[in-house]
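Only one structure is covered here, and it is reproduced in the block below.
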Amino acid sequence: MNGRIVLPPKVALVLGGGGLKGFAHIGVLKAFEERGIRPTVFAGTSIGSLIAAAYAGGKTVAELEAYAMDVRKNDLFRIDHIAMVTKRMLSPALYLAKPLEAIVQDLVPAGTFRALGRRLLVNTVDLENASQVVYGMPGLEDVEIWRAVYASCALPGFFPPAVIDGRTCADGGISDNVPALAASHGMDAVIAVDVGSTNLARARRIKEKGFAAIYMRAAQIMMKSLQSQQLAHWHGPPLLLVRPAVWQYGWFSFAHVRRMIDLGYEAAVDALDRAGASLMLGGIWPRRMVDVRVDRERCTGCGLCVTLAPRHMTMDQDRKAEVLVSPVEWSRADGDFVHQCPTEAIQVRSLEGEIPRQTMEMPVLEE
């Protein structure tokens with residue numbers, strides 16, 4: 001369903017976490033501005049909360065872009081050598097909090113959520129209570145915005161958690177990397193931008209890259225699983241899912257900032273063009289027709305695809321996987337089971353020009 005997007009009155013914009021891949025959010029905002037899209041609510045996790053708070057607080061796309069292009073690794077990552085020596089295993093994190101705090105304070109507005117004048121939601125996790133805490137919601141508005149944003153960016157093990165009104169809070173991506181459902185209450189539609197939790201590039205020689213790389217890979221896989229489950233059972237208002245093609249870039253890579261911003265812009269334009277009037281309806285958009293097939297020679301009959309996607313797959317009389325219906329209309333949230341096949345026997349081909357993510361050879365993570 002192509003054509004200029006038609007939006008209902010109340011729209012939430014949700015920006016997901018993904019480390020420096022979140023610079024793609026800046027390109028997304030640029031595309032939205034060109035279309036005259038003005039969200040009612042801004043929400044985010046981790047770098048998504050940083051960009052959302054900065055933009056809601058008055059930073060322009062040009063200012064955010066200039067900041068992203070200028071920031072360097074040493075501006076953010078400084079090892080806490082003293083704590084590592086004196087506290088050893090009791091050190092709260094690998095990196096110092098101050099550099100991240102400085103970046104957050106440079107970008108986000110001063111004051112509390114209540115004083116901001118527009119609705120902003122920042123997703124965090126209370127580590128002690130094992131609960132999601134979304135600052136900006138009723139009862140959680142009298143908190144300084146920068147403190148909540150720092151907490152949302154404080155990936156456990158990398159940056160120390162923040163103590164906010166007695167709560168020990170850290171990166172909200174632990175439980176909900178793209179908090180679309182949390183932002184959907186009272187909204188007519190949701191636009192969710194996922195830069196780091198669903199599509200993952202292949203990471204070669206991961207066991208040779210040290211503890212931090214292995215930990216981050218495990219965290220990404222966990223986030224991917226949680227996000228896929230939320231989208232598979234989406235019961236909120238109509239959702240426009242934007243996924244910039246930044247899978248092959250590392251979460252902490254400073255080498256491709258310009259490209260990531262451009263990819264965010266391209267993904268947003270594509271999603272908006274394809275959505276048309278669909279956000280006046282239900283479900284997840286945009287959608288496209290795809291042809292799903294099984295390579296019988298590769299299929300071992302393990303049955304995992306049937307377990308994960310019983311609405312799409314079954315086993316034939318020879319104990320080979322078989323597609324129930326094809327062609328089928330899929331959104332970007334569909335088809336996660338394709339990559340779970342241990343022999344890559346399931347193949348997906350777009351019938352509308354663009355090759356979906358599931359059909360491509362899995363890109364290799366940039367070193």
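Here the structure is a predicted model, which is why all the values come from computation and not from measurement.
Here the OG1 atom belonging to Thr124 is positioned 8.0 Å from the CD atom belonging to Gln132, to the nearest 0.5 angstrom. Atoms CG and OG1, on Asn129 and Thr168 in that order, are 8.5 Å from each other to the nearest 0.5 Å. Here the CG-CD distance, from Leu100 to Gln105, works out to 10.0 Å after rounding to the nearest 0.5 Å. Arg205 contributes atom CZ, which lies 5.5 Å from atom NZ of Lys209 (distance to the nearest 0.5 angstrom). Interatomic distance, CD1 of Ile37 versus CG of Leu13, reported as 9.0 Å (0.5 Å rounding). If you take CZ on Arg38 and CZ on Arg118, they are separated by 10.0 Å, rounding to the nearest 0.5 Å.
Under the ring-ring contact (aromatic ring centres under 6.0 Å, His included) criterion, Phe32 pairs with no residue at all, not counting sequence neighbours. Under the ring-ring contact (aromatic ring centres under 6.0 Å, His included) criterion, Tyr95 pairs with Phe77, Phe159, sequence neighbours left out.
The only option from Leu15, Val14, Leu29 that meets the side chain to side chain contact (heavy atoms under 4.5 Å, CB included) definition with Val193 turns out to be Leu15. Considering Leu324, Val338, Val306 as possible partners of Met313, the one that fulfils the side chain to side chain contact (heavy atoms under 4.5 Å, CB included) test is Val306.
Side-chain contact between Trp234 and Leu181 is present, with at least one heavy-atom pair separated by less than 4.5 Å. For the pair Phe254/Arg72, no side-chain contact is recorded, criterion being any heavy-atom separation below 4.5 Å from C-beta on. Residues Glu329 and Val290 have side chains not in contact (no heavy-atom distance under 4.5 Å, counting atoms from C-beta outward). Put simply, the side chain of Lys21 reaches to within 4.5 Å of the side chain of Met260, judged on heavy atoms. Side-chain atoms of Val323 and His312, non-hydrogen and from C-beta on, never get closer than 4.5 Å to each other. Side-chain atoms of Leu20 and Trp251, non-hydrogen and from C-beta on, never get closer than 4.5 Å to each other.
Not a single donor-acceptor pair under 3.5 Å links the side chain of Arg288 to the backbone N or O of Leu351. Thr112 places no side-chain N or O within donor-acceptor distance of the main-chain N or O of Asp142, the cut-off being under 3.5 Å. Listed for the Asn123 side chain is a donor-acceptor partner under 3.5 Å among the backbone atoms of Asp176. Proximity of a side-chain donor or acceptor of His25 to a complementary backbone N or O of Gly16 within less than 3.5 Å is detected. Side-chain atoms of Glu141 do not come within 3.5 Å of backbone N or O of Pro138 as any donor-acceptor pair. Between the side chain of Ser331 and the main chain of Ala333, a donor-acceptor pair closer than 3.5 Å is present. Panel note: side chain Thr86, backbone Ile82; a donor-acceptor pair is recorded below 3.5 Å. One N or O on the side chain of Asp295 and one on the backbone of Glu297 form a donor-acceptor pair closer than 3.5 Å. A donor-acceptor contact shorter than 3.5 Å is absent between the side chain of Ser225 and the backbone of Ile221. Of the possible polar contacts, none joining the Arg167 side chain to the Val163 backbone as a donor-acceptor pair under 3.5 Å is found.
Nearest approach of Ala180 to Leu239, heavy atoms of both residues: CB-CD1, 3.9 Å. Here the closest non-hydrogen pair linking Val122 and Ala148 is CG1-O, 3.5 Å. Heavy-atom minimum distance, Asp194 versus Arg243: OD2-NE, 3.2 Å. Contact between Ile145 and Ala53 at its shortest, heavy atoms only, is CG2-CB, 4.2 Å. Among all heavy-atom pairs drawn from Leu127 and Pro161, the shortest one is CD1-CB, 4.0 Å.
For the 3.5 Å distance criterion, the side chains of Tyr265 and Glu34 qualify, holding a donor opposite an acceptor. With 3.5 Å as the limit, one finds a donor-acceptor pair spanning the side chains of Glu33 and Tyr55. A donor and an acceptor atom, one from each side chain of Thr45 and Asn177, are nowhere located under 3.5 Å apart.
Ring pair Phe252/Phe158 is tilted by interplanar angle, where 30° to 60° counts as tilted.
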Derivation of the side chain to side chain contact (heavy atoms under 4.5 Å, CB included) call for Glu63 and Thr60: CA-CA 5 Å; Glu63 288 173 327; Thr60 66; 3.1 Å; yes
Apply the test side chain to side chain contact (heavy atoms under 4.5 Å, CB included) to residues Val61 and Ile26: give CA-CA distance (whole Å), side-chain angles for both, the deciding distance (0.1 Å), then the verdict. CA-CA 6 Å; Val61 168; Ile26 299 170; 4.1 Å; yes
Criterion side chain to side chain contact (heavy atoms under 4.5 Å, CB included) on Asp273 and Arg35, from CA distance to verdict: CA-CA 10 Å; Asp273 285 345; Arg35 302 297 180 94; 2.7 Å; yes
Working for side chain to side chain contact (heavy atoms under 4.5 Å, CB included), residues Ser253 and His256: CA-CA 7 Å; Ser253 172; His256 307 282; 3.8 Å; yes
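Here Arg287 does not pair with Asp334 in a salt bridge; the nearest charged N to carboxylate O distance is not below 4.0 Å.
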